[in-house]
Number of protein chains: 2
Amino acid sequence: MAPTQQVKRRATNQGAAVKEALAAEDTFRSAQDVYATLRANGEKIGLSTVYRHLQIFVDDGLADVIHKPDGESTYRLCGDASTTHHHHLVCRSCGKAVEIEGPAVETWADKVAAQNGFTDVNHTVEIFGLCATCAAS
Amino acid sequence: MAPTQQVKRRATNQGAAVKEALAAEDTFRSAQDVYATLRANGEKIGLSTVYRHLQIFVDDGLADVIHKPDGESTYRLCGDASTTHHHHLVCRSCGKAVEIEGPAVETWADKVAAQNGFTDVNHTVEIFGLCATCAAS
DNA sequence: GTCTTATTGGGAATCGTTCCCATTATGACA
DNA sequence: TGTCATAATGGGAACGATTCCCAATAAGAC
């Protein structure tokens, strides 16, 4: 919506740590999960800070969020999310995600919304399943 | 998954009241909202019971759930949800929803999942926007 | 009418997330 | 390199939605 305005932001160890933790895996991970991992690694960081940075990443378009059916929010860094709108194919078991695109879905969504008089539209499309690895075990 | 097995279930005033409350409007409503409405109507019912029945409706395929981006779960009765898989165009402001179908999306989702070795697939497609009424105000 | 047991409901408990605010540390500037 | 303004931190309290627990209640079968 509004042009992503970069606010002055300080570089901190904690911020870097959160980003690293996310970068380490290509799966969607919850804030609690990231926090636990960092603490286990001996990182000195608070839960609030983890939430803060995760949210910042989302605001800056560096990360994507997926709200799991159980209500938990999970995050994952996304290469060039800012330029390409995309969706995810997510493993319900391990959280592993594959970025997918569906141009047809985009246009369909906009068309349907317009036909019904809806404006300021956005949509969520997530496909959940079991990845080959998890299905095998 | 497992064949929907109908369990013996008693007919109670509370159960009927919850269903009525949902049937009264074609919008997705939260458990808290339904509870408040019922109490305001002088209905004698507990919050736990509302949650319980809402969940039962979902299990029985009588209602659809949508997890709002803020994490709240909203429910709405759906005519023949059990027979026709469909999605929703939901007003972000008032919750009003229009049932929509997108056969192309279904096949696309399945195809993408299969290509990536995912099984036991399901997907969520919800379109959020502002309905004409809410946009006007 | 009686009895079995599904259902109820209110409050405690849980869980993820946000808030508050005194303390800490980054980055700009001298 | 030292000083300073203030962004960032973190720990615990606060919150809101949802679930749990369990004694009291009431539906439905006989």
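Here is how names work: the chains are called A, B, and so on, in the same order as the sequence lines, proteins then strands, and each is numbered from 1. The basis for the numbers below is simple: all heavy atoms, side chains too, and nothing from hydrogens, waters or symmetry mates. It should be emphasised that the depicted structure is a prediction, and the values quoted were computed from it without experimental measurement.
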* Send over the distance from A:Gln32 CD to C:dT14 P, rounded to a whole Å. => 15 Å
* Asked: Taking atom P of C:dT17 as reference, at what distance in whole Å does atom CG of A:Leu54 sit?
  -> 9 Å
* **Atom-to-atom span, CZ of A:Arg52 to C1' of C:dC19 - whole angstrom** => 10 Å
* **Exercise: identify the closest heavy-atom pair between B:Val65 and B:Phe28** => C-CE2, 4.2 Å
* Within less than 4.0 Å of OP1 or OP2 of C:dT17, is there a side-chain N or O belonging to A:Ser73? -> yes
* Examine distances only and state if a side-chain atom of A:Arg52 and a backbone atom of A:Gly15 form a donor-acceptor pair shorter than 3.5 Å. => no
* Of the nucleotides C:dC19, C:dT17, C:dG11, which has the atom closest to the A:Ser48 side chain? -> C:dC19
* Separation of C:dT7 P from B:Ile45 CD1 (nearest whole Å) -> 14 Å
* Output all residues satisfying side-chain contact (heavy atoms from CB on, under 4.5 Å) with A:Asp33, sequence neighbours left out; order by chain, then residue number. => A:Arg29, A:Ser30, A:Thr37
* Structure fact -> DNA chain D: first to last nucleotide in contact with chain A (atom under 4.0 angstrom from a heavy atom), 5' to 3', is D:dA5 to D:dG12
* To do: Carefully, step by step, assess B:Ser73 and B:Lys68 under the rule side-chain contact (heavy atoms from CB on, under 4.5 Å).
  => CA-CA 6 Å; B:Ser73 297; B:Lys68 294 222 312 263; over 6 Å; no
* Rounded distance in Å - CZ (A:Arg10) to C1' (C:dT26) -> 5 Å
* For B:Glu72 and C:dT17, what is the distance between atoms CD and P respectively, to the nearest whole Å? -> 15 Å
* To do: Report yes if at least one side-chain N or O of B:Thr49 is closer than 4.0 Å to OP1 or OP2 of C:dT8; otherwise report no.
  => no
* Measure from the ring center of A:His88 to the ring center of B:His123 and say whether it is less than 6.0 Å. => no
* Asked: Think B:His53 has a side-chain N or O under 4.0 angstrom from the OP1 or OP2 of C:dT7?
  -> no
* Find the distance B:Asn13:CG to C:dT8:P and express it as a whole number of Å. => 9 Å
* Do B:Asp70 side-chain atoms and B:Glu72 backbone N/O form a donor-acceptor pair below 3.5 Å? -> yes
* Relative to the ring of A:Phe57, is the ring of A:His53 parallel (under 30°), tilted (30 to 60°) or perpendicular (over 60°)? -> tilted
* **Nucleotide nearest B:Arg39 (side chain, heavy atoms from C-beta), chosen from C:dG10, C:dG16, C:dT8** => C:dG10
* A:Ile56 CD1 to C:dT17 C1': how many Å, rounded? -> 16 Å
